[in-house]
Every structure is written in C-alpha cells, then in structure tokens.
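Heads up, the thing below is written out as structure tokens.
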Amino acid sequence: MTPITTTAELAVFCDKLKGQPFVAVDTEFMRETTYWPKLCLIQAAAPSAHATIDPLAEGIDLEPFLEILRDETILKVFHAARQDVEIFNNLKAMPRPLFDTQVAGMAAGFGEQIAYDALVRQMLKIELDKSSRFTDWARRPLSDNQLTYALADVTHLADLYPKLRERLEKEGRLAWVTDEMASLTDPANYDVEPENAWKRLRPRRHTAKYLAVYRAVAAWRERTAQNRDQPRGRILKDEAIDEIATQAPTDADALDRLRSVPKGFSGSRFGPDLLVAIREALRDPEAYAPVIERNRQAPSPAAGAVVELLKVLLKARAEEAGVASKLIATVSDLEQIANDDDAAATPALTGWRREAFGEDALKLKRGELALVLDGSRVRVVEVRRAPKAAAAAG
C-alpha cells in the first residue's frame with residue numbers, strides 16, 4: 001500500500017471526494033514532546049474512494065484536502081474528534097459539518113465514551129487488528145501493515161456511520177448529536193491565545209493581586225511553550241502557577257523559595273522572563289486581573305444532598321432512555337440546578353436535555369417526584385399531595 005505523497009496525487013484524490021455525501025477522517029499524530037501536535041498521517045474514506053495521505057512527504061501541500069474539510073456540503077465523520085479537530089483548526093480548516101461517532105454512540109446507548117474498536121465490534125461484528133497501535137507514526141517508511149491498520153480506521157468508520165445515523169433517526173435522537181457537534185466545532189474551544197490560557201485552569205482565589213499574577217504566569221507559560229514547541233508541563237506545572245500567584249515573588253530569591261518551582265529555576269533561561277511578567281502584572285493588578293463570575297447564589301447547606309439525589313435521578317433517567325448520562329448532564333450542571341431553579345443557561349435545562357432530565361430535576365427539588373428503590377432498581381414516581389381540606393359547610 002502506498003500513501004499519497006505529492007500535491008498532484010492529493011488533488012486527484014480530493015476531486016473524487018467532491019460531491020460525496022460524507023467523508024470519514026482520522027489522523028495519526030505525535031505530541032508527547034511538543035506543544036503543537038505533529039501531524040504524521042491522514043486517513044480518509046468516502047463511499048467511493050479512500051486513501052492515506054502523508055503530510056510529512058517533502059513538498060506536499062495539504063490545501064486540496066483542507067478545502068474538502070471546509071466544504072460544508074460534505075459531512076465529515078470522525079470518532080472522538082476533539083484532537084483531530086484541533087489539528088485541522090490550527091491549519092485553518094475547521095471541519096464543518098461534523099459527525100462524531102463516539103458522541104453518537106453515547107446517544108445510541110453504547111455507554112460513556114465508547115472506544116472505536118468496541119463500537120465497530122458491536123455494530124459491524126468486526127474485530128480490529130491492534131498490532132500496529134503503538135506505531136511511531138513519524139518514522140519513515142511506514143510498512144504495509146501499518147498503513148493497512150491506519151486505513152481500516154476510516155474504511156470501517158465509513159461503514160459504521162450510515163448504520164449509526166439510521167439508528168439515531170429511528171430513535172429521534174439525531175438532533176441530540178447535532179447539538180453536541182456545534183460545541184465541538186466552536187473555535188473558542190481551541191483558542192491558544194496566551195492571554196486566555198488561565199481559562200483552562202482553576203484559580204483558587206478571587207483577589208485582584210492573585211488573579212493578575214495567575215493570568216500573567218499562565219500567559220507566560222503558554223507563550224514560552226508555543227515558542228519552544230514544548231509541552232506546558234515541561235515549562236512549569238499547573239500547581240506552580242497557583243503557588244506563584246499566591247506568593248507573588250518579584251525577585252529570584254523569593255521565586256526559588258517556592259516548593260512547586262524547580263530548584264534553581266530563577267537562574268534558568270526561564271526565570272528572568274517569568275519575573276518580568278510577574279512584576280508587570282503587579283504594576284496594576286486591578287486592571288490586569290480577569291473578571292471571574294461567581295455563582296449568583298451561595299450554595300445552601302442542603303445543596304450537597306440535592307446534588308446526590310440529582311445524580312441518582314440522572315442515572316435512572318439515562319438508563320431508561322438508553323443514553324450515556326454524561327451526554328445529558330455534568331456534575332457542574334447538577335450543582336447549578338441544586339443552587340438555582342432559574343439556572344437558565346445550564347445545558348441540562350435546555351432543549352432535549354430538559355425534556356429527558358431537566359424538568360424532572362426541578363420537580364424532584366420541589367418535592368413533586370420521589371426516588372424509590374425497587375429491588376436493585378431505582379424508580380422515579382410522582383408524589384401525590386393530599387388535597388386541601390374542603391371548607392366546612394355553614
């Protein structure tokens with residue numbers, strides 16, 4: 001098997017993809033030692049054409065394939081798409097519209113985050129060959145076995161997609177998956193702007209001084225990782241960002257006294273630049289600190305117990321519907337519902353999720369539903385309130 005290695009070959013293949021209803025796509029990449037994922041192989045399969053593409057081939061221009069990804073008349077099918085989407089978004093080719101078979105599997109009752117091989121086994125009755133799973137995809141040449149293994153990921157995906165879509169259409173759940181795809185293809189999820197890096201972390205305090213330093217250190221780490229093409233954690237660990245923000249060191253001695261900072265960090269090639277970033281943030285903390293919205297309502301003493309009840313209700317409703325509970329609501333959703341009946345922005349209280357769970361969650365809070373243990377199964381029952389006593393006759 002020979003992969004596509006020239007722009008001319010790629011253009012011919014992409015001409016075959018034009019006008020197709022969908023194309024299944026997968027990638028092989030490496031990023032263990034880098035910030036930016038290194039794209040090593042692209043696999044694509046449509047109903048009438050399939051190929052592997054070598055993005056590392058000398059002189060190849062991926063633009064013909066990127067144009068296919070941008071073509072909104074062709075559906076792009078992935079499994080567990082997030083990292084693939086990140087790669088193509090970095091190449092200015094957000095794949096829209098998109099269908100993720102892992103998300104679809106959750107909606108179709110195959111459990112939480114079902115693996116590709118398990119979904120193929122259950123739906124296509126095929127056992128995938130895993131012998132090349134741990135291939136170093138950056139090495140060349142790739143063997144026929146490795147290329148065959150990689151291509152199978154999309155040829156089976158192309159067979160899987162129509163069956164999974166038909167199942168969701170019969171169950172009236174295709175719209176559920178469509179909602180999730182809008183989030184997957186939102187460029188904001190793949191933002192690598194250093195000044196926004198703090199948003200991926202969890203600040204523990206809310207003072208202006210702490211947040212200003214926190215934002216500055218996170219931005220410095222992100223910028224340094226990008227420029228050096230190294231993983232963030234190799235530059236500075238997450239816990240160090242919190243300790244630096246708490247202590248706000250402004251000189252080498254203070255920085256080296258921190259437990260979470262590597263020994264001698266101030267004297268390394270990173271230390272002086274980090275200290276400059278900290279001092280700059282401290283010049284006007286109020287102006288530089290990010291604004292973090294707090295919950296409008298403080299958690300009530302009973303909120304923890306309500307969340308636990310909502311978890312049981314969620315599990316019961318998810319089992320009845322045959323859908324992964326994670327697709328319906330997150331723990332964060334449950335906490336918001338527990339604290340605020342009017343949490344209108346909570347995904348679990350909107351659209352199909354409200355119908356499947358959210359409305360019942362509010363009823364449970366109001367005492368209109370009860371959870372009853374029936375053997376090993378939890379049943380949800382309506383609570384019948386006693387009618388008000390009739391007015392006594394005169």
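The first residue of the sequence shown is numbered 1, and numbering continues consecutively from there.
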Legend entry - Check against salt bridge (charged side-chain N to carboxylate O under 4.0 Å, His left out), Lys130 and Asp117: CA-CA 9 Å; Lys130 302 179 183 178; Asp117 56 350; 2.9 Å; yes
Checking side-chain polar atoms at under 3.5 Å, does [X] have a donor or acceptor matched by the opposite partner on [Y]?
X      : Y      : result
Asp242 : Tyr210 : yes
Gln43  : Thr27  : no
Asp129 : Ser131 : yes
Thr155 : His50  : no
Ser132 : Asn145 : no
Asp333 : Thr346 : no
Tyr35  : Glu222 : yes
Glu112 : Ser325 : yes

Inset, instruction - Quick one: closest heavy-atom pair of Arg205 and Leu211, and the distance? - result: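 Arg205 and Leu211 have their closest heavy atoms at O-CD2, 3.5 Å.
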Inset, instruction - Any chance you could measure Asn89, atom CG, to Ile87, atom CD1, to the nearest 0.5 Å? - result: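 Separation between the atoms: 11.0 Å.
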Legend entry - Ring-ring centroid check Phe22 Tyr161, cutoff 6.0 Å: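 When the ring centroids of Phe22 and Tyr161 are compared, they turn out to be within the sub-6.0 Å range.
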Legend entry - Audit row: Glu243, Arg259, salt bridge (charged side-chain N to carboxylate O under 4.0 Å, His left out) steps and yes/no: CA-CA 8 Å; Glu243 186 178 9; Arg259 296 179 61 184; over 6 Å; no
Inset, instruction - Hey, can you tell me if Phe88 and Phe65 have their rings parallel, tilted or perpendicular (30° and 60° cut-offs)? - result: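 Ring orientation, 0 to 90° scale: tilted.
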Inset, instruction - Could you tell me whether Lys76 and Asp71 have a side-chain N and a carboxylate O separated by less than 4.0 Å? - result: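 Answer for the salt bridge query: no.
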Legend entry - Derivation of the salt bridge (charged side-chain N to carboxylate O under 4.0 Å, His left out) call for Lys163 and Glu166: CA-CA 5 Å; Lys163 294 179 181 292; Glu166 180 182 9; over 6 Å; no
Inset, instruction - Please say whether the positively charged group of Arg133, taken as NZ for Lys or CZ for Arg, lies over the ring of Tyr149, i.e. under 6.0 angstrom from the six-membered ring centre and within 45 degrees of the axis. - result: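 Geometry flag: not set, cation outside 6.0 Å or 45°.
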Inset, instruction - Just do the side chain to side chain contact (heavy atoms under 4.5 Å, CB included) check on Ser48 and Lys16 with the steps written out, would you? - result: CA-CA 8 Å; Ser48 61; Lys16 297 177 183 178; 5.7 Å; no
